[in-house]
Each structure stands twice: as structure tokens, then as C-alpha cells.
**Q** 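Okay, here's the structure, questions in a sec.
Just so you know, these numbers use all the heavy atoms, side chains as well, and skip hydrogens, waters and symmetry mates.
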Amino acid sequence: MAFDGFVISNLVYELNNTILNAKISKIAQPETDELLFTLKGSNDQYRLAMSASASLPFLYLTDANKPSPLTAPNFCMLLRKHIANGRIVEISQPHMERIINFKIEHLDEMGDLCQKTLIVELMGKRSNIIFCDANGRIIDSIKHVSAAMSSLREVLPGRTYCIPATQDDRLNPLEVTEETFLDSAMTKPLPIAKALYTSFTGVSPVVANEICHRASIDGDMSVDSLTPDAKKHLYHNFAWLMEDVKEHRYEPNIITRDREPVEFSCFRLTEYVGSDDAAEATNSTGAAANGSEYTMQHFSSISAVLEQYYASRNVYTRIRQKSVDLRRIVATALDRSRKKYQLQEKQLKDTEKRDKYKVYGELIHTYGYGLAEGARELEALNYYTNEMIKIPLDPMLDAKANAQKYFDKYNKLKRTYEALTDLTAETRAEIEHLESIATSLDIALTEDDLVQIKEELIEYGYIRRKRTDKKAKSKSKPFHYRSSDGYDIYVGKNNYQNEELTFKFATGNDWWFHAKGMPGSHVIVKSGNDELPDRVFEEAGKLAGYYSKGRDNDKIEIDYLQKKNVKKPNGSAPGFVVYYTNYSLTIHPDISGLTLIE
């Protein structure tokens with residue numbers, strides 16, 4: 001994620017064209033580190049959201065509203081007291097820093113015109129929202145930072161505000177000449193990309209790598225490896241990008257991979273989507289036609305980028321957080337079952353001696369009549385192999401008792417083998433069941449998806465249902481895709497949905513797909529009794545591969561057959577099936593070209 005100085009620059013440009021001179025009509029603080037301003041311009045109303053979250057700081061214009069606490073926090077009350085009905089008269093970014101300054105004019109209690117500054121610092125874990133008077137003295141901040149918390153600066157009421165001193169040695173990239181560029185960044189004993197983002201304010205690793213990529217230079221190479229001409233070529237690409245900033249030639253976009261947002265920027269990131277022509281050549285789904293696994297989605301404003309990116313990221317982050325407990329339960333149960341399986345296999349291997357003991361007993365019965373009293377071994381011909389063998393004996397026992405001793409060992413190991421064979425199969429099935437649940441957790445996108453998974457864990461005893469809890473009802477539905485040829489394809493998100501798709505939803509001539517030898521979703525193609533085009537099989541195979549444990553593999557083998565040939569063993573876990581005749585295909589699990597029906 002690159003909430004860098006260039007994204008801030010684009011944002012400031014957008015804000016100056018929308019909310020400059022707007023009046024602040026409402027101030028809310030929906031979260032402890034978040035503010036929401038309602039602004040009235042000459043022609044429209046806007047909402048400005050900002051957050052000083054350590055993990056996901058942001059600032060953008062939005063149409064969405066958020067509920068606020070019944071009692072406003074102190075910082076919110078302070079802002080209402082000072083700048084409610086105030087007017088934003090200046091929006092600026094100092095020196096390409098990740099900082100936005102809002103100068104606000106308002107009338108004080110005496111009716112005199114005053115000026116205050118709201119400073120939003122979007123600096124990762126050091127993010128803050130600071131409220132200052134006209135002289136730069138801090139009135140208050142959404143986060144207080146004492147000397148004990150930071151040795152760089154204090155952010156406390158009464159202190160004089162200063163920009164964080166973490167980047168004092170960095171230059172403003174918009175003011176850099178070729179000579180300065182070569183004397184600063186190109187003299188550092190660092191990788192090229194790192195030399196760029198450690199030399200100039202606002203330059204993130206993403207932008208540094210983009211500059212290197214545009215110059216056809218490997219950003220991981222050392223600066224010392226560049227020739228003088230290569231350094232000049234790198235500067236020209238750097239300068240061209242800075243010229244775009246000065247001229248406000250922005251191109252807000254989000255880079256996605258398999259529909260999950262991975263990056264955003266105010267520039268075209270050719271590192272992900274290639275050249276302008278390749279990136280523009282997109283098909284109906286937005287997938288890059290140059291074969292890239294990444295897709296660039298264009299937006300009309302950087303606020304729209306930030307709002308969608310953070311909303312999308314929050315979906316994945318929230319579901320990951322919500323599923324932490326379930327993941328821990330599954331991981332613990334898997335670890336226990338795997339250890340049990342290893343022990344059972346070791347014990348099963350030990351039972352392989354049982355037939356040897358049976359032969360010993362039989363040979364002693366056959367040849368033991370001439371044993372001397374106190375003999376310690378019997379050398380006899382093994383009539384099963386026609387080889388002479390030596391059989392250890394207990395000198396305290398006669399031949400009959402020695403034979404019986406070996407028969408007892410044989411019978412004990414035989415019983416152990418029979419019991420362990422069943423137990424090992426049960427443990428193996430349990431491991432496969434838990435692995436399928438773990439894969440379902442990776443596939444889950446909503447809280448409703450997690451409800452069904454939790455219900456399955458309760459049903460199989462991994463979670464105890466509370467007396468007050470009723471069986472949860474889930475609104476989760478399988479994924480519904482439509483193939484390029486118009487055929488409906490359904491993908492189960494968990495074992496319950498797999499079971500229902502295969503044995504209740506699908507009809508006999510529908511086609512069933514599954515990743516071979518690994519946990520994954522059941523994929524059903526509704527054939528309508530048609531003879532399906534080859535492309536449908538390929539697309540359904542891609543879905544089966546993507547929604548499986550092997551989604552990150554380069555190639556996956558997929559089994560497919562008609563649903564009427566898929567059987568469910570009695571008493572097996574949901575989603576567990578067997579089949580004996582199938583076709584196979586090998587695919588790369590890339591579903592970027594497939595249409596998901598909402």
C-alpha cells in the first residue's frame with residue numbers, strides 16, 4: 001500500500017477543487033482515531049473522512065455516513081467549539097510530506113475572525129490529527145505523544161507544532177535538479193530503489209520501483225552497478241514523473257489480483273500492468289490482455305480509489321480477524337490429529353512382525369520335539385522359504401510353552417493391526433476433514449460464510465455449543481459464475497455447500513470438478529443436458545483449482561466427471577465423496593477472466 005507523498009499531492013489537488021472555501025457544518029468522531037466532517041460548498045455537500053489509525057490511516061471524500069457515539073469524545077467537542085461553522089480557506093501539503101494542512105477561518109466568542117490549522121499526518125503507526133492555533137501552538141490532538149513514547153517530538157497541548165524530524169535529510173523531489181539527483185541518490189551504497197526512497201520525501205518503495213521499471217532498470221541492483229548514462233536515464237524517468245505531479249497529470253487506479261486489491265496509486269503502475277497500450281487492452285472483465293495476473297481499475301478521483309481500496313482491504317482484514325479463533329481451533333485440532341496419526345503409523349509398522357512370530361510358533365511345534373532342556377535357540381528349516389533360520393527360545397520354558405509364547409505375540413499384534421487399521425483410517429479422514437475446513441476459512445469472504453464453518457466445527461465436537469445458543473442460520477450462498485459460453489457454474493464455499501451442490505442441487509448430467517488429491521470446493525457446471533464446449537471445462541477447472549488448497553500453485557490437476565458418477569460413503573463427513581471413473585485436466589488457477597454473478 002502506497003499512501004505516499006504523491007497520493008497526498010493528488011488528494012490535495014482534488015480537495016482544492018472541491019471543498020476549498022466550504023463551510024464545516026458537522027463534526028463527528030465515529031471511532032477513537034477517526035473524524036468525519038460534513039461540509040457545505042457553494043454547489044454541493046461533501047463528507048470528508050480521515051483516520052489516524054496506525055494500521056490503515058486515510059483521508060478522502062466520501063458519500064457514506066457512519067454512526068457516531070451518543071456522547072461525543074473530548075477531541076470532537078473541542079473541534080466543534082472552535083471550528084464548527086468555520087470555512088476551509090487553504091489546503092496544502094508541506095514539502096511533499098505525508099501531511100495535509102487545513103487552514104480554517106472562524107469567528108471566536110467575541111465575533112472576531114480567527115484562524116486555526118488542522119494537521120492530518122498520514123504516516124503509518126505515527127499517524128495523527130493535530131489541532132493548532134494561528135501561531136502553531138498545539139491546542140490538542142487525537143493522539144497524545146509524550147517524551148516517554150517518542151524521543152523525536154512531543155505532541156501535547158501547549159507544545160509548538162513541528163513536522164516530524166524523521167526525514168530531515170531527504171530532499172523535495174519536485175525541486176531536485178539532475179546534478180542534485182546524481183550527487184544525492186546516485187552516490188549511496190544501496191540498492192537503486194532504496195536509494196531513491198531514502199533520498200526524497202514522499203517517494204515510497206512502490207514509486208521507487210515504478211521509476212526503475214520505467215527506466216528498464218532492476219531496482220534491486222546496487223547504485224554502483226549503474227553506468228553514468230544509466231544514472232542519467234534514471235533521472236530523466238524520475239523527472240518525467242515529477243513533471244506529471246507539477247502538471248497534476250494524475251491517473252488514480254487500483255491494482256487487483258484475483259479481485260483482491262494489492263496496491264493503489266495516482267500513477268499508472270507499469271510494473272504490474274505493463275505499458276500504456278497493454279494496460280488499455282482489457283477485456284470485458286477488466287483483465288489485462290497482456291497475460292498479466294494483475295488488473296488495473298481506473299477511477300475518476302483519488303478519493304474514490306482510497307474509499308474502495310480501504311473498504312476492500314477492510315473486508316479481507318475484518319474476515320481474517322473474525323476467523324482468528326476458528327483458525328486457531330482448526331490448527332490445534334490438526335496438529336493433534338497429525339501427531340496421533342504419526343504415532344498410529346509407527347505402531348502399525350511394529351505389527352509387521354506378527355507373521356514372523358506365527359511362523360516361529362509353527363516351526364517350534366514341528367521341530368521342537370528334540371529340544372534339549374534349557375536350549376536358547378532352535379535352528380530349523382523354514383518350509384515357507386526353504387531357508388534355515390534360528391529361533392530364539394526362553395530356556396526356562398519347554399518347546400510347547402515357547403511355541404505358545406510366539407502364538408500369543410502373533411495374536412496380540414494381529415488384534416493391534418486390525419484395530420489400528422481402522423483407527424488410522426479414521427484419523428486420516430479426520431485430518432482430511434479438518435484440512436477441508438481450513439481451506440473453507442481461506443475462501444470465506446463474509447461473516448455469513450464463517451457462520452456455516454463454525455456450525456460444522458460445533459457439529460463435529462471441535463467447539464462446544466453454549467446452552468443459550470441456537471443453531472445459527474446462514475445467508476451464505478455458493479459462488480455463482482457464468483462461463484464465456486453462458487453456462488452457469490457454482491462453487492461451494494465450505495463442506496455444507498459442497499454437499500448441497502453435489503447431492504441436492506446438481507442433476508445427473510451436470511459436470512462435477514474438484515482439485516485432485518487436496519482439499520477444495522466442489523464445482524458444478526449446469527449442463528442443461530448439452531454437450532459442453534471445451535472452454536467451459538477449462539474455466540470450471542480453473543475455478544476448482546483456485547478455490548482449493550493449491551490456489552498458489554502454478555499448475556493443478558483437476559478431476560472431472562458427470563455428477564451421476566459421484567458417490568457419498570455412508571457416515572462420511574459433509575463434502576466427502578468417492579468416484580472411480582473420471583477425466584483429468586491440468587490448469588493454471590487464474591480466474592481473472594471469469595464473470596462472478598453477484
Side-chain angles (χ1 to χ4, degrees), residues 1-10 12-13 93 95-98 167-255 257 262-282 288-296 298 302 305:
M1 182 184 71
F3 211 137
D4 52 33
F6 298 99
V7 170
I8 299 292
S9 173
N10 188 178
V12 168
Y13 176 70
Q93 175 190 20
H95 310 297
M96 288 298 289
E97 293 278 8
R98 290 172 294 169
Q167 301 186 15
D168 285 349
D169 58 339
R170 301 188 187 189
L171 304 172
N172 186 339
L174 301 183
E175 301 172 355
V176 171
T177 63
E178 181 176 348
E179 182 181 0
T180 306
F181 179 87
L182 296 175
D183 289 344
S184 54
M186 294 297 98
T187 57
K188 293 184 175 181
L190 296 170
I192 300 165
K194 188 172 183 179
L196 291 176
Y197 67 73
T198 56
S199 299
F200 308 110
T201 57
V203 177
S204 64
V206 171
V207 171
N209 282 317
E210 175 63 18
I211 294 168
C212 292
H213 187 267
R214 293 188 181 190
S216 300
I217 291 172
D218 184 354
D220 293 329
M221 292 171 53
S222 171
V223 170
D224 297 336
S225 66
L226 291 177
T227 64
D229 286 343
K231 291 179 180 180
K232 287 188 176 183
H233 179 57
L234 183 64
Y235 168 72
H236 290 150
N237 281 274
F238 174 87
W240 291 333
L241 196 65
M242 297 310 112
E243 195 63 31
D244 286 342
V245 177
K246 293 175 186 177
E247 297 296 325
H248 305 300
R249 292 192 293 264
Y250 301 112
E251 194 171 348
N253 65 83
I254 293 177
I255 303 296
R257 181 189 181 201
V262 295
E263 197 56 80
F264 68 84
S265 180
C266 58
F267 304 119
R268 179 189 299 276
L269 296 179
T270 60
E271 179 184 7
Y272 290 97
V273 294
S275 65
D276 289 4
D277 293 338
E280 290 297 342
T282 57
N290 62 351
S292 170
E293 61 181 328
Y294 296 99
T295 303
M296 183 171 68
H298 298 270
I302 193 67
V305 164

**Q** Are any of the side-chain heavy atoms of Phe181 and Ser199 separated by less than 4.5 Å?
**A**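 No, every pair of side-chain atoms sits at 4.5 Å or beyond.
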**Q** Please report the interatomic distance CG(Asn209) to CD1(Ile217), rounded to the nearest 0.5 Å.
**A**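 If I round to the nearest 0.5 Å, the distance is 12.0 Å.
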**Q** For His233, I'd like to know if atom NE2 has over 12 heavy atoms of other residues, nucleotides or ligands within 6.0 Å.
**A**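 Yes, NE2 of His233 has more than 12 neighbouring heavy atoms, counting only those of other groups under 6.0 Å.
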**Q** Quick one: does any side-chain atom of Glu97 pair with a main-chain N or O of Gly202 as donor and acceptor, under 3.5 Å?
**A**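 No; judged by distance alone, with no hydrogens or angles, the pair does not exist.
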**Q** Do you see a donor-acceptor pair shorter than 3.5 Å between the side chains of Thr270 and His213?
**A**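 Their side chains do contain a donor-acceptor pair, which is all the 3.5 Å distance test asks for.
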**Q** For a 4.5 angstrom cut-off between non-hydrogen side-chain atoms, does Arg98 reach Phe3?
**A**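 Side chain of Arg98 against side chain of Phe3, heavy atoms only: no contact under 4.5 Å found.
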**Q** Is there a side-chain contact between Phe200 and Leu196 (heavy atoms, below 4.5 Å)?
**A**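 Side chain of Phe200 against side chain of Leu196, heavy atoms only: contact under 4.5 Å found.
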**Q** For the CE atom of Met242 and the NZ atom of Lys246, what is their distance to the nearest 0.5 Å?
**A**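 So the gap between those two atoms works out to 9.0 Å.
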**Q** Between Thr180 (side chain only) and Val176 (backbone N and O only), is there a donor and an acceptor less than 3.5 Å apart?
**A**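 No; zero donor-acceptor contacts below 3.5 Å.
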**Q** So how far is it from Arg249 CZ to Asn10 CG, rounded to the nearest 0.5 Å?
**A**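 Rounded to the nearest 0.5 Å, the CZ-CG separation comes to 13.0 Å.
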**Q** Less than 4.5 Å apart, any side-chain heavy atom of Pro173 and any of Thr201?
**A**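 When only atoms from C-beta onward are counted, Thr201 and Pro173 do touch, with a gap below 4.5 Å.
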**Q** Taking side chain as C-beta onward, heavy atoms only, is His248 less than 4.5 Å from Tyr13?
**A**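 In contact.
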**Q** Compare every heavy atom of Glu210 with every heavy atom of Glu271, then report the nearest pair and how far apart it is.
**A**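 Residues Glu271 and Glu210, closest heavy atoms: N-OE1, 3.2 Å.
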**Q** What's the separation between atom CG in Leu174 and atom CD in Gln93, rounded to the nearest 0.5 Å?
**A**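 Rounded to the nearest 0.5 Å, the CG-CD separation comes to 8.0 Å.
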**Q** Would a 4.5 Å heavy-atom cut-off, applied to side chains only, mark Arg268 and His298 as touching?
**A**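 Yes, their side chains come closer than 4.5 Å.
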**Q** Locate the shortest heavy-atom distance separating Met186 from Leu226; write the atom from each residue and the value.
**A**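 It is SD-CD1, 4.1 Å.
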**Q** Could you report the tightest heavy-atom contact between Tyr197 and Val203, atom names first, then the distance?
**A**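 Tyr197 and Val203 have their closest heavy atoms at CB-O, 3.1 Å.
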**Q** Might you confirm whether atom NZ of Lys194 has over 12 heavy atoms from other residues, nucleotides or ligands at distances under 6.0 Å?
**A**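 Atom NZ in Lys194 is not packed in, count stays at 12 or less.
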**Q** Does Ser184 reach the main-chain N or O of Leu171 with its side chain, forming a donor-acceptor pair under 3.5 Å?
**A**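 No: the side chain of Ser184 does not pair with the backbone of Leu171.
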**Q** List the steps, then state whether side-chain contact (heavy atoms from CB on, under 4.5 Å) holds for Met296 with Glu251.
**A** CA-CA 11 Å; Met296 183 171 68; Glu251 194 171 348; 4.2 Å; yes
**Q** Measuring only between side-chain heavy atoms, which start at C-beta, is Tyr250 closer than 4.5 Å to Ser9?
**A**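 Yes, side chains in contact.
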**Q** Taking all non-hydrogen atoms of both residues into account, name the closest pair between Ser265 and Val7 and its distance.
**A**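 Scanning both residues completely, I find the closest heavy atoms to be CA-CG2, 4.5 Å.
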**Q** Can you list the steps and then say if Phe267 with Val245 is a side-chain contact (heavy atoms from CB on, under 4.5 Å)?
**A** CA-CA 9 Å; Phe267 304 119; Val245 177; 3.4 Å; yes
**Q** Say you draw a straight line from CG of Asp224 to NZ of Lys188; how long is it, rounded to the nearest 0.5 Å?
**A**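 Going from CG on Asp224 over to NZ on Lys188, the span is 13.5 Å.
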**Q** Only counting residues at least two apart or in another chain, list the ones meeting salt bridge (Lys or Arg N to Asp or Glu O under 4.0 Å) with Asp220.
**A**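 Scan of Asp220 (salt bridge (Lys or Arg N to Asp or Glu O under 4.0 Å), adjacent residues dropped) gives none.
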**Q** For the residue pair Ile211 and Leu234, establish whether any side-chain heavy-atom pair is separated by less than 4.5 Å.
**A**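 They are in side-chain contact.
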**Q** Between Lys231 (side chain only) and Leu182 (backbone N and O only), is there a donor and an acceptor less than 3.5 Å apart?
**A**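 Side chain of Lys231 to backbone of Leu182, a donor-acceptor pair under 3.5 Å: no, none is there.
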**Q** Any idea which heavy atoms bring Leu190 and Thr198 closest together, and the distance?
**A**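 Smallest heavy-atom distance, with atoms named: CD1-OG1, 3.8 Å.
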**Q** From the options Ile255, Leu269, Ile254, select the one residue that forms a side-chain contact (heavy atoms from CB on, under 4.5 Å) with Phe264.
**A**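 Going through Ile255, Leu269, Ile254 one by one, the side-chain contact (heavy atoms from CB on, under 4.5 Å) with Phe264 is satisfied by Ile254 alone.
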**Q** List the atom of Ala208, the atom of Ala193, and the distance in Å for their closest heavy-atom pair.
**A**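 Smallest interatomic distance, heavy atoms only, reads CB-O, 3.4 Å.
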